[in-house]
Amino acid sequence: MRVALAPLVAGRKVVDAGGHPSAKFSAAAQAAGATIERVGRRGKYLLVELDDGRDLVIHLGMTGRLRLRAAEHVDDPYVRAWWALDDGEVLELRDVRRFGRVAVVPRGRHDSLPTLAALGPEPFAETFTPEVLWQALRRSRLRVKTQLLQQRAVAGVGNIYADEALWRAGVDPAVRKVSRPQATRLHAAIRAVLAAALANGGTTLRDYRTVDGGTGRNQDHLACYGRAGEPCTRCATTLRRKVLDGRGTTWCPACQRR
DNA sequence: GGCTGGCCCTGTACGC
DNA sequence: TGCGTACAGGGCCAGC
């Protein structure tokens, strides 16, 4: 997403902007008048650096999608925020379920976005090591899957990739204590699952789209998520599903023993 | 400070 | 066919 978006908007001035009146999107208008310097990313957040020392922070939520279109008016009730650029194009955040979020904050000041402020290391950063993951996980008594979703131990792992990584690592998503060898396997699994997702262009379940409007292919490569009732590809045991701390969770009761 | 559970929101699937 | 209900999910927040 960031890679596709950055060359299209960097250097462009935001001549006008607006957002849905809800608290989640109304801040979009505050970017008007600023010029986009570069586009960065932290976890699931896009950080659009503005030339006036502020960051436009965009979280796509579950169903959010950014797209560029020509300026002529298109009536789309699901556009929650928009930024008109000086080249005549409009960057739009289309988010059917309004789970996304937009904020404009002084550069690096992310206090208003607690999850971003407390975000763990990037999964492919050198600082993210098996030891770092193990130390982070053992600091809390939350279930291991819940910790992954909190983004504190590592950034960018959502529900789908948490299930996939835990399955690949052979770790029960419900455990509250992870051994060092389990953490090592989980570290490798997280990187492998995210690398595969990137290589496949993302995971398309219902509403997800890439920046150019296409769909990802990773859903065709999922080994665990969404396959409850089907045989585990590793041991042929029937995969099961349950709600864990409010999130749908699929796991193999044989491969992922406590 | 850490943890839990509820809430937001809307399209889709399913049962009646 | 049409209606009602359950479900999905990321992150915030109130309450414990």
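Just so we're on the same page: letters track the sequence lines, and every chain starts at 1. Side chains are part of it too, since the values below use all heavy atoms of this structure and drop only hydrogens, waters and symmetry mates.
Screening Ile36(A), Leu56(A), Val90(A), Val48(A) for a side-chain contact (heavy atoms from CB on, under 4.5 Å) involving Trp83(A) leaves a single residue, Leu56(A).
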Please list every donor-acceptor pair under 3.5 Å in which a side-chain atom of residues 143-150 of chain A meets a protein atom from a residue at least two apart or in another chain.
from      : atom 1 : to        : atom 2 : distance (Å)
Arg143(A) : NH1    : Ala174(A) : O      : 3.3
Lys145(A) : NZ     : Asn159(A) : OD1    : 2.6
Lys145(A) : NZ     : Asp163(A) : OD1    : 2.8
Lys145(A) : NZ     : Gly248(A) : O      : 3.1
Lys145(A) : NZ     : Thr249(A) : OG1    : 2.8
Thr146(A) : OG1    : Asp245(A) : OD2    : 2.5
Gln147(A) : NE2    : Leu137(A) : O      : 3.0
Gln147(A) : NE2    : Leu142(A) : O      : 3.4

Pairs of donor and acceptor atoms involving the side chains of residues 99-109 of chain A, under 3.5 Å and at least two apart or interchain, shall be tabulated with distances.
from      : atom 1 : to       : atom 2 : distance (Å)
Arg107(A) : NE     : Asp55(A) : OD1    : 2.9
Arg107(A) : NH2    : Leu50(A) : O      : 2.6
Arg107(A) : NH2    : Arg54(A) : O      : 2.8

Determine all donor-acceptor pairs shorter than 3.5 Å in which one atom belongs to a side chain in residues 7-16 of chain A; sequence neighbours excluded.
from     : atom 1 : to       : atom 2 : distance (Å)
Arg12(A) : NE     : Asp86(A) : OD1    : 2.6

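Taking Arg180(A) as the reference, Glu131(A) meet the side-chain hydrogen bond (donor to acceptor under 3.5 Å, both in side chains) condition, with sequence neighbours excluded. Arg227(A) pairs by the salt bridge (Lys or Arg N to Asp or Glu O under 4.0 Å) definition with Glu230(A), not counting sequence neighbours. Contacts of Arg42(A) classified as salt bridge (Lys or Arg N to Asp or Glu O under 4.0 Å), with partners at least two apart in sequence or in another chain: Glu122(A).
With hydrophobic clusters built from ILVMFWY side chains whose heavy atoms lie under 4.5 angstrom apart, Leu91(A) shares a cluster with Leu46(A).
Nucleotide dG11(C) holds its C1' atom 16 Å from the CG atom of Leu46(A), rounded to whole Å. Distance CZ (Arg101(A)) to C1' (dG10(C)): 11 Å, rounded to an integer number of Å. Rounded to an integer number of Å, the gap from Arg241(A) CZ to dG9(C) P is 6 Å. Taking atom CG of residue Leu60(A) and atom C1' of nucleotide dG10(C), one finds them 11 Å apart after rounding to whole Å. The separation between Gln147(A) atom CD and dG11(C) atom P is 16 Å, rounded to whole Å. At whole-Å resolution of the value, CG in Leu119(A) and P in dC12(C) are 10 Å apart. The nearest whole Å value for the distance from the CZ atom in Arg152(A) to the C1' atom in dG10(C) is 14 Å. Between the OH atom of Tyr161(A) and the P atom of dG9(C) there is a distance of 13 Å, given to the nearest Å.
Put simply, Thr115(A) has no side-chain N or O that comes within less than 4.0 Å of OP1 or OP2 on dG10(C). In this model, the phosphate group of dG10(C) is not approached by any side-chain N or O of His59(A) to a distance below 4.0 Å at OP1 or OP2.
Each of dC3(B), dG9(C), dC12(C) was ranked by its minimum atom distance to the side chain of Pro114(A); first place goes to dC12(C).
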Distances under 3.5 Å between nitrogen or oxygen atoms of protein and nucleotides 14-16 of chain C:
none

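Nucleic acid contact class of Gly246(A) (heavy atoms, under 4.0 Å, all strands): none. Across all strands, Gly100(A) comes closer than 4.0 Å to no nucleic acid atom at all (heavy-atom distances).
Toward the 5' end of DNA chain C, the nearer of the two residues Leu113(A) and Val243(A), judged by each one's closest nucleotide, is Val243(A).
For residues 125-160 of chain A, every residue pair satisfying the ring-ring contact (aromatic ring centres under 6.0 Å, His included) rule, not counting sequence neighbours, is listed here: Phe128(A)-His187(A).
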Contact pattern, 5' to 3', of nucleotides 4-10 of chain B - B, S or - by protein heavy atom under 4.0 Å: S---BBB
